[in-house]
Amino acid sequence: MAEAADFQGASASPARRLLRRTGALLAGAPLLAGLLQLPAATPAGAAGQESLQAASSAGPVSVAVDSLSPSAPSEGDTVTVSGTVTNNGKQTVTGAHVDLQVGPPLETRSAIDTLAKKSDDLQGPSGEKVGGKYTEKFSALTPGVAEPFSISVPADKLDLGSDGVYQLAVALSGETAAQPWDQVLGIQRTFLPWQPAEAGTKTKTTFLWPLVSSAHMAAETGSNEQQTPVFRDDELAEEIAPGGRLDQMVSLGKGLDVTWVVDPDLLASVDAMTGSYQVRSADGSTTPGKNQEIAKHWLAELQQAVTGEEVAALPFGDPDLASLAHNGTSVTGSLSHLKEATDAAEETVDTILHVKPSTDFVWPVDGAVDPSIVKVATSAGADKVITRSDSLQDDLSYTPSAARPIGAGTTAVVADSRMSTAFHGDLTKASASTLAVQRFLAQSLTLGLQTSKQRSVVVAPQRMPSVSQAQAMAEALATLQDGNWSESQDLTAAAKAKPDPAANTKVPSASAYPSSLRKQELPRAAFEQIARTQGKLDKFRVILTRQSRVVTPFGRAMNREMSTSWRGRGIAAVGYRDGIESYLNGLIDGVKLIQKSETKLSGRSATIPVTVQNNLVQGVEHLKLRLTSKNPTRLKIGGDAYEEQPVTVNGGHAQSVKFTTSANANGRAEVVAQLYTEDGQKYGAPVTFDVKVTEVTPTVMLVIGGGVLLLVLAGFRMYTQRKRAAAREASEDDIAEADDEIDGPQSQIDTPQNPEASGVRLKEESDAGSGADGPEQPSDPSPDTEAESADPSGTGERVDR
């Protein structure tokens, strides 16, 4: 193990350090020349191994620097370097020892990049060995075995001179049986920022802390009054659970001076989890969500973390501005979705986090811009575009401030590409994370030493950092904020900073947009499908009595369909869009006409019912049902070829609409029932059915005609009989008057004395009077009714023909 660190002693002067390092390099030159000639005299068995080492530039022993503390030391600090060494070769390394080597300051930012690419190259510069007791020794390194090391050395023993970034190399030296001399077998280089005193002019640094996720909700909600949200999966619960990615983003960002960049969709989704919700399983079924407490805790922590900090809200769903600019603007209605997403952002953040966010910023993917992207980005009202310096490049010897005007009242906020990309890649290994932190700090300090002018720098990392990336970001930012060369600044302040007149303000052309990013964009077909879904929603909404239950969830779902999170996930994006459209189609089909079979129509007129079924939970209105006859000469509806009637149906009910028809001839007539909205747009599928018209037949007409004739004859018979009865009565009255004239008063005397004779006489006279025309003939018809009855026949009375 290494000897105890020496915490005493004064540091050497800068001139002495330079002389010592120069002497070490000169002394090492002959040794290096000799080593380059040694392979010719080495044993044959070692030739293959050495050629492999030369090809890879790395030695047989890997050196991992897992931690460097403090990351940016000051006077009086002790620097501790810890890690592991692993023998990846086939031979045991003997006489092994780990040493720290400090190289000269790196003067430029590009020099830092170059060294980072060759961090384990044996042929690269290594610097001056600290040596002495600040070495850790191993008796042997067995193949395949990792050994830990830890070396602590006072900062003044590192011979650090003027302010700047120094190369700090950790080298493993030893010998093998094939090469029995002491040599460097593995090395790892990193960076040591040195700014022991407060800088006269500090760099103002803005660090964006993104809270962005992928789409976890679609448009589906429960049919109850509360519209219970339905999640596509339970992955969001994993992200916000303790130890999850978003949980780490909040806990790590809490206490840091950052600008929170939030996708309102994430907030809305977590807020939906705080109440009752359902989770869709792979088999299509739903199960009740059980992570309400996790969601409540995460939101509470976030609300506390953003208190007093700046919050910038992206448009709802974080739409892919580049995809929209390149493939969506030619599709009608695409830009309106961006405007809706922007309008929803402020309300969502304010409602959930209780802070008023800034909605002036848009953030294209990787900060890459061209004129069309800037135009689309600002079309929804934002006037500040977060770009990156590898897109809006400068030809200057220093890094200018982030803000710069690019025309039409728009400000480009140019994030530093080196610092923004410092935490990309796999940082799960401690050595990779440590190197990323030290490289970030090195870039920041070197940037600050470029000029005495104060500048504003913006760091825009990846949108969805992993847990390890977030941890490295937080470590670097904490060191930076406690350091001596930088101070924190909000994004709004950075955008308002005085622009550097020498900075580039020309937006790159469309041809300069990276092809790698263009390949990941949403295609035109995606925006066409979104437009098709919107068209269906517009037709559907007009018939609903409670439009917000459908319009709001589908509007938010279409915002998510344009999200940047679909980049590199083309198949998943198609599946998401198909699911949204299919679900809407199902709701639209919930209001439909019931199929009808053939209808028989007997007679000249009848009523045909058509049923409208509403399977939605809310009522529908503003619908018209049109019934059309394809053969109006045979069958008319409502006196014409078609008739329309208004339709209103309560949720979960059906209503039958009746139409009056009239037939002119027998046969089949095709009839079409179709729902229409009030503006004349067809709604749903039509229902076609046949109406079989049965006209009145000749036999039936003959029977009816015969019946009418019988009624006429019966009426004539009755008239004749009444006429005869009236004639007889008149004849009898005439005879009676004649007798009275002949008998005079005598008749009044004779009658009571001879009643019988009088009666006989009257009878005879009567008979004689009635037979004046001759005796009655047998063929004469008998009277049909009593002579004294002239009334019509009673009801139901039979009349003989």
Side-chain angles (χ1 to χ4, degrees), residues 205-214 239-240 245-246 248-270 298-299 301-303 305-322 338 341-342 344-346 348-350 352-353 355-369 377 380-388 402-403 411-417 419-421 423-424 456-466 469-470 473-474 477 488-496 559 563-565 567:
T205 305
T206 301
F207 201 105
L208 306 186
W209 199 256
L211 288 182
V212 179
S213 185
S214 56
E239 287 193 284
I240 64 175
R245 186 183 70 84
L246 290 173
Q248 288 292 292
M249 288 297 294
V250 172
S251 61
L252 291 170
K254 187 177 181 180
L256 295 175
D257 197 356
V258 297
T259 293
W260 297 80
V261 181
V262 181
D263 177 6
D265 178 35
L266 171 62
L267 301 182
S269 299
V270 178
W298 187 83
L299 280 180
E301 290 294 310
L302 178 58
Q303 290 169 356
V306 301
T307 301
E309 302 291 340
E310 182 181 35
V311 176
L314 299 173
F316 193 100
D318 188 20
D320 190 338
L321 301 176
L338 177 60
T342 302
E346 182 176 354
T348 303
V349 175
D350 191 8
I352 297 175
L353 293 185
V355 297
K356 189 174 181 62
S358 171
T359 57
D360 298 334
F361 296 89
V362 287
W363 188 12
V365 175
D366 287 355
V369 294
D383 59 358
K384 301 176 183 65
V385 183
I386 301 172
T387 65
R388 216 166 63 184
T411 300
V413 181
V414 184
D416 185 78
S417 61
M419 297 173 67
S420 297
T421 59
F423 306 102
H424 286 189
S456 296
V457 177
V458 174
V459 180
Q462 56 272 38
R463 266 176 159 76
M464 291 189 282
S466 64
Q469 290 170 342
M473 288 162 49
L477 190 54
S488 301
Q489 181 176 237
D490 290 341
L491 180 60
T492 300
K496 294 180 179 179
N559 292 146
S563 174
T564 58
S565 64
R567 283 186 169 251

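Note that the structure is a prediction, hence the values are computed from the model and not measured. Atom set for the values below is all heavy atoms of this structure, side chains included, hydrogens, waters and symmetry mates excluded.
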| message | I need the W209 CH2 to M473 CE distance, nearest 0.5 Å. | response | 4.0 Å
| task | Kindly write out the residues that satisfy side-chain contact (heavy atoms from CB on, under 4.5 Å) with A382, not counting sequence neighbours, or none if the list is empty. | result | V362
| Quick one: does P319's side chain get under 4.5 Å of N559's, heavy atoms only? | no
| With a 4.5 Å limit on heavy-atom distance, are the side chains of P210 and P465 in contact? | yes
| task | Check whether any side-chain heavy atom of S488 lies under 4.5 Å from a side-chain heavy atom of F207, and answer yes or no. | result | no
| message | Is any side-chain heavy atom of V459 closer than 4.5 Å to one of L477? | response | no
| remark: salt bridge (Lys or Arg N to Asp or Glu O under 4.0 Å) filter on K356, not counting sequence neighbours, yields E346
| message | For D490, give me all partners under salt bridge (Lys or Arg N to Asp or Glu O under 4.0 Å), at least two apart in sequence or on another chain. | response | none
| remark: Nearest heavy-atom contact between A495 and A403 is O-CB, 3.5 Å
| field | Smallest separation among heavy atoms of M464 and V212, with atom names | value | CG-O, 3.2 Å
| field | D263 side chain to G317 backbone, donor-acceptor under 3.5 Å | value | yes
| field | Smallest separation among heavy atoms of P264 and P315, with atom names | value | CD-O, 4.1 Å
| field | All side-chain hydrogen bond (donor to acceptor under 3.5 Å, both in side chains) counterparts of E309, not counting sequence neighbours | value | none
| query | Considering all heavy atoms of both residues, which atom of E239 and which atom of S213 are nearest to each other, and what is their separation? | reply | OE1-OG, 2.8 Å
| query | Taking only residues two or more places apart in sequence, or in another chain, which ones meet D318 in a side-chain hydrogen bond (donor to acceptor under 3.5 Å, both in side chains)? | reply | R463, T564
| message | Run V306 and V262 through side chain to side chain contact (heavy atoms under 4.5 Å, CB included) and show every step you take. | response | CA-CA 11 Å; V306 301; V262 181; 5.9 Å; no
| Considering residues at least two apart in sequence or located in another chain, which fulfil the side-chain contact (heavy atoms from CB on, under 4.5 Å) criterion with A380? | L338, K339, T342
| Pairwise side-chain contact, L266 with L246, heavy-atom cut-off 4.5 Å (strictly under) | yes
| With sequence neighbours excluded, residues passing ring-ring contact (aromatic ring centres under 6.0 Å, His included) with F361 | none
| message | Tell me whether S420 contacts the main-chain N or O of A460 through its side chain, where contact means a donor paired with an acceptor under 3.5 Å. | response | yes
Could you list the donor-acceptor pairs under 3.5 angstrom formed between side-chain atoms of residues 249-260 and any protein atom two or more places apart in sequence or on another chain?
from, atom 1, to, atom 2, distance (Å)
S251, OG, D247, O, 3.1
S251, OG, Q248, O, 3.3
K254, NZ, E301, OE1, 3.4
K254, NZ, Q304, OE1, 3.2
T259, OG1, E310, OE1, 3.0
T259, OG1, L491, N, 3.2

| said: List the residues meeting side-chain contact (heavy atoms from CB on, under 4.5 Å) with D366, not counting sequence neighbours, and say none if there are none. | reply: R388, L517
| message | Applying side-chain hydrogen bond (donor to acceptor under 3.5 Å, both in side chains), can you list everything that pairs with S214, at least two apart in sequence or on another chain? | response | none
| remark: Those residues at least two apart in sequence (or on a different chain) that pass side-chain hydrogen bond (donor to acceptor under 3.5 Å, both in side chains) with T359 are none
| said: Using the side-chain contact (heavy atoms from CB on, under 4.5 Å) criterion, which residues pair with S466? Sequence neighbours excluded. | reply: S468, Q469
| request: Indicate yes or no for a side-chain donor-acceptor contact from S358 to the backbone of A312 under 3.5 Å, with no hydrogens or angles considered. | output: no
| query | Going by heavy atoms in the side chains, are L302 and L211 under 4.5 Å from each other? | reply | yes
